[in-house]
Amino acid sequence: MEESFRTEELLFRIKKIGLNLAALMELNLKNESITGVQVYFLVYILRHHPQGTYLTELCREIGVSKPTLSALIKKMREKGYLYFLADPDDVRKKKVLPTAKLIAEGDKFMEKADQMESEICSALDRKEQTQLWDLEQKLINQLARMEHEENNQKNRQEVYLQ
């Protein structure tokens with residue numbers, strides 16, 4: 001059976017999932033002093049970069065702009081969850097690291113995130129989760145190609161105008 005749908009509806013559904021996920025994080029992960037989205041970001045740091053990482057690497061992995069991520073990290077620094085360590089070889093590079101406060105509260109954050117993720121993904125069986133992963137990866141790769149092509153085109157236009 002072939003179902004027809006409009007591309008616009010598909011893209012809006014993807015956006016709606018993202019918005020619903022953010023709302024669910026607020027409900028399930030919100031702490032008295034930080035938002036659910038902030039908690040989930042800290043969980044990401046603890047899971048993937050407990051020894052720290054750099055802003056550029058986080059931007060690439062998470063898919064947000066440097067200004068957006070910088071603002072988030074600034075808030076987490078002000079609340080005592082993250083700190084910077086300057087690179088002795090390049091003063092412009094700063095490593096983002098979890099503080100003792102984050103490490104102390106991290107297990108609680110990760111437990112809540114694990115529960116939320118498990119409940120969300122329980123709607124799909126293992127095969128469907130794998131299929132969704134593969135489809136999402138295709139879309140991410142296509143978006144990256146489109147961004148790369150757009151950047152190349154802008155660079156060519158700039159060179160032409162000079």
Side-chain angles (χ1 to χ4, degrees), residues 3 5 7-87 92-148:
E3 294 181 25
F5 57 91
T7 303
E8 173 190 42
E9 291 170 358
L10 175 65
L11 297 175
F12 275 119
R13 283 179 176 233
I14 291 169
K15 180 71 170 175
K16 185 175 181 179
I17 289 169
L19 292 171
N20 287 347
L21 181 59
L24 195 59
M25 283 189 265
E26 290 303 317
L27 289 172
N28 288 304
L29 301 177
K30 188 173 182 178
N31 185 284
E32 54 275 352
S33 63
I34 59 176
T35 69
V37 171
Q38 291 169 342
V39 170
Y40 205 62
F41 173 69
L42 295 174
V43 166
Y44 184 86
I45 294 289
L46 290 171
R47 284 178 176 165
H48 300 279
H49 300 288
Q51 305 305 315
T53 188
Y54 295 94
L55 181 65
T56 304
E57 185 174 343
L58 281 173
C59 289
R60 184 178 39 77
E61 290 174 3
I62 296 173
V64 297
S65 69
K66 280 186 182 183
T68 299
L69 195 54
S70 292
L72 176 59
I73 290 170
K74 180 182 178 187
K75 288 177 186 172
M76 296 299 89
R77 286 180 64 211
E78 290 169 354
K79 294 178 187 283
Y81 289 105
L82 297 174
Y83 73 97
F84 283 133
L85 182 64
D87 185 327
R92 296 168 298 166
K93 274 181 93 171
K94 292 181 179 71
K95 196 171 193 178
V96 180
L97 293 142
T99 62
K101 178 180 179 179
L102 176 54
I103 292 167
E105 295 180 31
D107 287 341
K108 179 179 67 173
F109 291 164
M110 287 198 289
E111 183 179 325
K112 290 171 88 175
D114 287 343
Q115 289 171 349
M116 182 191 71
E117 292 165 348
S118 180
E119 188 173 345
I120 291 168
C121 290
S122 70
L124 304 173
D125 65 31
R126 193 73 182 141
K127 182 180 177 186
E128 291 169 327
Q129 289 178 21
T130 301
Q131 290 171 330
L132 181 58
W133 176 271
D134 292 342
L135 292 171
E136 289 171 334
Q137 193 59 52
K138 279 184 170 181
L139 289 174
I140 289 168
N141 290 342
Q142 178 64 11
L143 289 168
R145 276 192 297 275
M146 291 170 65
E147 182 179 8
H148 180 73

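These numbers come from the heavy atoms of this one structure, side chains and all, not from hydrogens, waters or symmetry mates. Position 1 is the first residue of the sequence; numbering continues from there.
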Problem set entry | ring pair (Phe, Tyr, Trp, His ring centres under 6.0 Å) involving F84 - partner list, sequence neighbours excluded | none
Problem set entry | Heavy-atom neighbours of K101 NZ exceed 12 at 6.0 Å | yes
Exercise. Given side chains that start at C-beta, do those of E26 and V37 come closer than 4.5 Å, heavy atoms only?
Worked result: yes
For this session: Would you please say whether a donor-acceptor pair under 3.5 Å links the side chains of K93 and T56?
Result: no
Exercise. Is I34 close to K79 at the side-chain level, that is, under 4.5 Å between some pair of heavy atoms?
Worked result: yes
For this session: Taking all non-hydrogen atoms of both residues into account, name the closest pair between P50 and P98 and its distance.
Result: O-CG, 3.4 Å
Exercise. Hey, does I45 have a side-chain heavy atom less than 4.5 Å from the side chain of L58?
Worked result: yes
For this session: Could you give me the CA-CA distance, side-chain angles and deciding distance for N20 and K16, then say whether side-chain contact (heavy atoms from CB on, under 4.5 Å) is met?
Result: CA-CA 6 Å; N20 287 347; K16 185 175 181 179; 3.8 Å; yes
Problem set entry | Point-to-point distance, once rounded to the nearest 0.5 Å, from CG of L82 to CG of L102 | 6.0 Å
Exercise. Is there a side-chain contact between L21 and Y40, using heavy atoms and a 4.5 Å cut-off?
Worked result: no
Problem set entry | Rounded distance [0.5 Å steps], CG in L24 versus CG in L29 | 8.0 Å
Seminar exercise, completed: Value for CG (L46) from NE2 (H48), rounded to nearest 0.5 Å, stands at 10.0 Å
For this session: State, yes or no, whether a side-chain contact exists between L72 and V64 at a heavy-atom distance under 4.5 Å.
Result: no
Exercise. What do you reckon, is NZ of K66 surrounded by more than 12 foreign heavy atoms closer than 6.0 Å?
Worked result: no
Seminar exercise, completed: Given the options K75, M76, R77, I73 meets side chain to side chain contact (heavy atoms under 4.5 Å, CB included) only with R77
For this session: Say whether, by atom type as modelled, one donor and one acceptor occur between the side chain of Q38 and the main chain of T35 under 3.5 angstrom.
Result: yes
Exercise. What distance do L97 atom CG and Y83 atom OH have between them, rounded to the nearest 0.5 Å?
Worked result: 4.0 Å
Problem set entry | Check against side-chain contact (heavy atoms from CB on, under 4.5 Å), S33 and Y81 | CA-CA 11 Å; S33 63; Y81 289 105; 3.8 Å; yes
Problem set entry | Polar contact flag, side-chain donor to acceptor under 3.5 angstrom, Y44-E61 | yes
Problem set entry | Separation between CZ of R60 and CG of L55, rounded to the nearest 0.5 Å | 12.0 Å
Seminar exercise, completed: Here the salt bridge (charged side-chain N to carboxylate O under 4.0 Å, His left out) pairs for residues 115-136, sequence neighbours left out, are R47-E117
Exercise. Above 12 or not: heavy atoms from other molecules or residues under 6.0 Å from CD of Q137?
Worked result: yes
Exercise. Measuring from I14:CD1 to L139:CG, what's the distance to the nearest 0.5 Å?
Worked result: 5.0 Å
For this session: Could you check if a side-chain atom of L11 sits within less than 4.5 angstrom of a side-chain atom of K15, using non-hydrogen atoms only?
Result: no
